[in-house]
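Beneath this line is the structure, given in structure tokens, with notes to follow.
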Amino acid sequence: MILEEIFLDGIYPLERVPFLPDQIVDCGACAGFFSLLAHGRFPAAPLHLFEPVPGNVAKTRANLALNGIAARVHAVAVGERNETARFSGGGFGGHLAARGESGDIEVRVMDLVAYLSELRP
């Protein structure tokens, strides 16, 4: 479904972006499809992908490798501070969760604002 939305339905019309980005940040990368699209449009912009679900991280790394794309892949969720949290949902629509949600896992969370400040885009 995500592959179809991104590449067939064109839900991210990147041709409308009126500037060349310094960095591309993909929060909740899933299998990395948005990053593949963004790299195709802005090949010089470094990619930073965040994905907390281990199976999705593996798919993301595989898709990047198949396409010969270098990127920083972080196996974490993003939030307001560095911590650990519960995460529910293995694919599209995953979210930080209250303890005890069905199928939740413990994940690392990275402070996104601090990370972006270090990039200095």
Derivation and outcome, side chain to side chain contact (heavy atoms under 4.5 Å, CB included), residues His48 and Asp26: CA-CA 6 Å; His48 306 267; Asp26 186 352; over 6 Å; no
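- Taking 4.5 Å as the limit, every side-chain heavy atom of Pro52 sits out of range of all side-chain heavy atoms of Arg108.
- No more than 12 heavy atoms of other residues, nucleotides or ligands sit less than 6.0 Å from atom OH of Tyr12.
- The 12-atom threshold is not exceeded at CD of Glu80, counting heavy atoms of other residues, nucleotides or ligands nearer than 6.0 Å.
- For the atom pair CG of Leu47 and CD1 of Ile69, the computed distance is 6.5 Å after rounding to the nearest 0.5 Å.
- Here the CG atom belonging to Asn63 is positioned 5.5 Å from the CG atom belonging to Leu36, to the nearest 0.5 angstrom.
- Contact between Gly32 and Thr60 at its shortest, heavy atoms only, is N-OG1, 3.4 Å.
- Residues Cys30 and Glu51 approach most closely at N-OE1, 2.7 Å, considering heavy atoms.
- Taking a 6.0 Å sphere around CG of Leu66, one finds it holds more than 12 heavy atoms contributed by other residues, nucleotides or ligands.
- With a 4.5 Å cut-off on side-chain heavy atoms, Ile24 and Phe34 count as touching.
- The hydrophobic clustering, which links ILVMFWY residues whose side-chain heavy atoms are closer than 4.5 Å, places Val25 and Val113 apart.
- Of the possible polar contacts, one joining the Asn82 side chain to the Asp111 backbone as a donor-acceptor pair under 3.5 Å is found.
- At a threshold of 4.5 Å between non-hydrogen side-chain atoms, the residues Leu64 and Leu49 count as touching.
- Nearest heavy atoms, Met110 versus Val76: CB-CG2, 3.8 Å.
- With contacts defined as side-chain heavy-atom distances shorter than 4.5 Å, the pair Phe19/Val17 qualifies.
- Taking CZ of Arg72 as the reference point, atom CZ of Phe50 lies at 8.0 Å (rounded to 0.5 Å).
- When all heavy atoms are compared, the tightest approach of Glu5 to Asp9 is O-CB, 3.4 Å.
- The minimum heavy-atom distance between Val107 and Ala77, with the atom names listed, is CG2-CB, 4.2 Å.
- Heavy atoms only, all atoms of each residue included: Ser117 and Arg120 are closest at O-CG, 3.1 Å.
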